[in-house]
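Got a structure for you, questions after.
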Amino acid sequence: AIDLLLELQDGSVVVLDHKSFFGKEEHVKERAAEYSGQLAAYSAAVRASGRKLAGVGLHLPLGGQICWMV
């Protein structure tokens, strides 16, 4: 399930998935890549619903970071 679906003023949405991973900044991208399939599935679901996807990323609250996926 999508953890956070944020609707922007223009009607587009941002998808964020929360992960409790605490690590050094240089390891965040490596770890985020492990979840690329999950985020791709969320992106596809949003697009299939007819919504415009403005962004998708991982929220890492323990490290105080968001890793945006392209």
Side-chain angles (χ1 to χ4, degrees):
I2 293 173
D3 291 328
L4 177 65
L5 183 71
L6 177 65
E7 185 175 358
L8 304 179
Q9 286 184 331
D10 67 358
S12 64
V13 295
V14 173
V15 173
L16 285 175
D17 193 62
H18 305 295
K19 298 295 183 200
S20 45
F21 164 73
F22 184 76
K24 296 188 179 204
E25 199 167 327
E26 59 267 17
H27 298 144
V28 170
K29 288 184 181 180
E30 292 173 16
R31 186 67 185 254
E34 296 175 18
Y35 299 104
S36 62
Q38 179 183 5
L39 294 176
Y42 292 163
S43 298
V46 167
R47 289 186 177 113
S49 75
R51 306 291 295 269
K52 179 182 174 193
L53 186 64
V56 61
L58 291 177
H59 175 227
L60 305 165
L62 298 178
Q65 299 174 25
I66 293 180
C67 182
W68 295 106
M69 307 302 276
V70 177

Q) What pairs meet the salt bridge (charged side-chain N to carboxylate O under 4.0 Å, His left out) rule with one or both residues in residues 34-57, with sequence neighbours excluded? A)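 The answer is Glu7-Arg51, Arg31-Glu34.
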Q | Interatomic spacing from CD1 in Ile2 to CD in Gln38 - rounded to 0.5 Å | A |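 Ile2 CD1 to Gln38 CD: 9.5 Å, rounded to 0.5 Å.
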Q. Just wondering, do Leu58 and Leu16 contact through their side chains at under 4.5 Å, heavy atoms?
A.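 With C-beta onward as the side chain, the pair stays apart.
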**Q.** Result of checking Val56, Leu6, Leu8, Leu5 against Val13 for side-chain contact (heavy atoms from CB on, under 4.5 Å)
**A.**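 Among the candidates, only Leu5 passes.
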**Q.** Flag side-chain contact, heavy atom, 4.5 Å: Asp17 against Leu39
**A.**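 In contact.
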Q: Determine which pairs satisfy ring pair (Phe, Tyr, Trp, His ring centres under 6.0 Å) with at least one residue from residues 42-65, sequence neighbours left out, and list them in order.
A: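 Listed by first then second residue: His18-His59.
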Q. In Å and rounded to the nearest 0.5 Å, what is the CG to NZ distance from Asp3 to Lys19?
A.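 That separation rounds to 7.0 Å.
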Q: Apply the test side-chain contact (heavy atoms from CB on, under 4.5 Å) to residues Ile66 and Leu60: give CA-CA distance (whole Å), side-chain angles for both, the deciding distance (0.1 Å), then the verdict.
A: CA-CA 6 Å; Ile66 293 180; Leu60 305 165; over 6 Å; no
